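Remember, it's a predicted structure, so these values are computed and weren't measured experimentally. Both counts, for ligands and for their atoms, begin at 1 and track the order of listing.
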Amino acid sequence: MKWKDWEPFYLRIVREMGYSIEKDREAARVLRALLLEGDKYILKEELASVVKKKAYVFGAGPSLEWALKEFEFSDGTLIAADGATSALLERDIVPDIIVSDLDGRIPDIKLANDRGAFIAVHAHGDNVDKLTAYVPLFLRVLGTTQTEPLDIVYNFGGFTDGDRAAFLAEELGAREIVLVGFDFGETVGRWSKPGLREHAPIWESKRKKFEFAKELLEWLEKNGRARIKYFSPR
Ligand SMILES: Nc1ncnc2c1ncn2[C@@H]1O[C@H](COP(=O)(O)OP(=O)(O)OP(=O)(O)O)[C@@H](O)[C@H]1O
Ligand SMILES: Nc1nc2c(c(=O)[nH]1)N=C(CO)CN2
Ligand SMILES: [Mg+2]
């Protein structure tokens with residue numbers, strides 16, 4: 001997604017969600033400095049080399065558990081949106097890529113990263129403390145932002161970890177993107193927040209996030225090169 005297509009979405013998001021553009025920008029600068037300090041960051045081209053023509057993007061919706069029992073997902077690149085990493089690990093699957101703003105279960109993200117997963121870490125105005133605490137612990141990190149991109153901190157478009165993962169797959173060359181565990185309904189999957197024990201009724205800010213995520217995925221379906229599918233049993 002080009003900046004000119006993303007900017008109107010972003011301006012609506014900050015207005016509706018009450019975010020600060022300046023704080024989002026500052027977070028991108030902090031992430032850039034952390035990546036340069038640690039020297040374990042990767043560039044877009046390196047991440048693109050692990051993206052096959054087919055990519056599965058795992059969201060943290062309740063249907064994820066059923067999907068992981070049903071199917072092997074062995075014919076594509078596996079991209080986990082944040083909390084979905086924990087569900088994959090429960091079944092001994094290490095994703096190829098994790099897309100996260102670091103509010104999933106950090107020990108699981110770290111474990112998957114140690115076992116070879118690349119991680120696309122997203123900077124925003126509300127996770128600077130997490131960036132500072134955890135980015136130095138990770139290997140193979142690609143930085144992303146929702147404000148103007150900075151050389152090594154990319155903006156491929158997308159808002160929540162799930163839809164942002166789909167935009168990343170499109171940008172890095174996938175031509176078929178299968179969304180698994182994407183149930184934008186009334187129930188938030190139990191992997192979504194470290195504090196959740198069970199699937200939970202949706203709360204107001206999450207509802208707003210889901211609305212934007214749905215809209216962005218519709219945009220991608222219309223304007224992207226990849227075919228977008230929602231996983232269903234064959
Ligand atoms: N029912 C669902 N429950 C949770 N996540 C879902 C659901 N359906 C789809 N998803 C997608 O799965 C992604 C992974 O979820 P997760 O809650 O870990 O990330 P998140 O975007 O950082 O959310 P938040 O900012 O509220 O922490 C979400 O971003 C969303 O796009
Ligand atoms: N400023 C800000 N930006 C975000 C946030 C958030 O909580 N605050 N959450 C996101 C993932 O859903 C993506 N972007
Ligand atoms: Mg998250």
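- The distance from ligand 1 to the heavy atoms of Ala81 drops below 4.0 Å at these ligand atoms: 13 (C), 14 (C).
- Looking at atom 30 (C) of ligand 1, its nearest protein heavy atom turns out to be Thr160 OG1, 3.8 Å.
- Of the protein's heavy atoms, Gln146 NE2, 2.9 Å lies nearest to atom 3 (N) of ligand 2.
- A 6.0 Å sphere centred on CD of Glu72 holds no more than 12 heavy atoms belonging to other residues, nucleotides or ligands.
- Counting heavy atoms under 4.0 Å from ligand 1, residue Asp161 touches it through both backbone and side chain.
- Checking only distances, Ala60 does come within under 3.5 Å of ligand 1, N or O to N or O.
- Phe73 and Phe71 have perpendicular rings, their planes meeting at more than 60° on a 0 to 90° scale where under 30° would count as parallel.
- How far CG of Leu216 is from CG of Asp5: 11.0 Å, rounded to the nearest 0.5 Å.
- Ligand 1 has an N or O atom lying under 3.5 Å from an N or O atom of Gly162, backbone or side chain.
- The ligand atoms of ligand 2 that sit less than 4.0 angstrom from a heavy atom of Asp101 are 9 (N), 10 (C), 11 (C).
- Between Ile106 atom CD1 and Ser100 atom OG the span is 6.0 Å, to the nearest 0.5 Å.
- At a 3.5 angstrom cut-off on N or O pairs, Arg164 does not count as close to ligand 2.
- At a heavy-atom cutoff of 4.0 Å, ligand 2 is contacted by no atom of Asn127, backbone or side chain.
- Listed by number with element, the atoms of ligand 1 under 4.0 Å from a non-hydrogen atom of Lys209 are 24 (P), 25 (O), 26 (O).
- Regarding atom 9 (C) of ligand 1, its nearest protein heavy-atom neighbour is Phe184 CE2, 3.4 Å.
- Where the criterion is an N or O separation shorter than 3.5 Å, residue side chain and backbone included, Asp103 meets it with respect to ligand 1.
- At least one N/O-N/O distance between Asp126 and ligand 2 falls below 3.5 Å.
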Between Arg140 and Glu46, does a salt bridge (charged side-chain N to carboxylate O under 4.0 Å, His left out) hold up when you go through it step by step? CA-CA 9 Å; Arg140 296 178 293 277; Glu46 192 173 342; over 6 Å; no
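- The distance from ligand 1 to the heavy atoms of Pro62 drops below 4.0 Å at these ligand atoms: 1 (N).
- With respect to atom 26 (O) of ligand 1, the closest heavy atom belonging to the protein is Lys206 NZ, 2.8 Å.
- For Gly185, the closest heavy-atom approach to ligand 1 does not fall below 4.0 Å.
- Between atom CG of residue Leu172 and atom OG1 of residue Thr77 there is a gap of 9.5 Å, rounded to the nearest 0.5 Å.
- Within the listing of ligand 1, atoms 3 (N), 4 (C) sit less than 4.0 angstrom from a heavy atom of Val188.
- For atom 8 (N) of ligand 1, the closest non-hydrogen atom on the protein side is Asp183 N, 3.1 Å.
- Arg29 has a carboxylate O that lies under 4.0 Å from a charged side-chain N of Glu22, or vice versa, which qualifies the two as a salt bridge.
- Distance from atom 16 (P) of ligand 1 to its nearest protein heavy atom, with residue and atom name: Ser192 OG, 3.5 Å.
- Using 4.0 Å as the threshold, Lys193 has a heavy atom nearer than that to some atom of ligand 1.
- Checked against a 3.5 angstrom limit, the closest N/O atoms of Phe210 and ligand 1 fall outside it.
- Using a 4.0 Å cut-off between heavy atoms, Lys209 contacts ligand 2 through its side chain alone, with no backbone atom that close.
- The N/O atoms of Ala84, backbone and side chain alike, include none that comes under 3.5 Å of an N/O atom in ligand 1.
- For ligand 1, the atoms sitting less than 4.0 Å from at least one non-hydrogen atom of Gly83 are 18 (O), numbered in the order shown with element in parentheses.
- Near Gly59, meaning under 4.0 Å from any of its heavy atoms, are these atoms of ligand 1: 11 (C), 12 (O).
- To the nearest 10 degrees, the Mg ion (ligand 3) sees OD2 of Asp82 and OD1 of Asp103 at an angle of 80°.
- For atom 3 (N) of ligand 1, the closest non-hydrogen atom of the protein is Gly189 N, 3.1 Å.
- Using a non-hydrogen distance threshold of 4.0 Å, Gly181 registers as a contact of ligand 1.
- Ring planes of Tyr154 and Phe156: parallel class, angle under 30° (limits at 30 and 60°).
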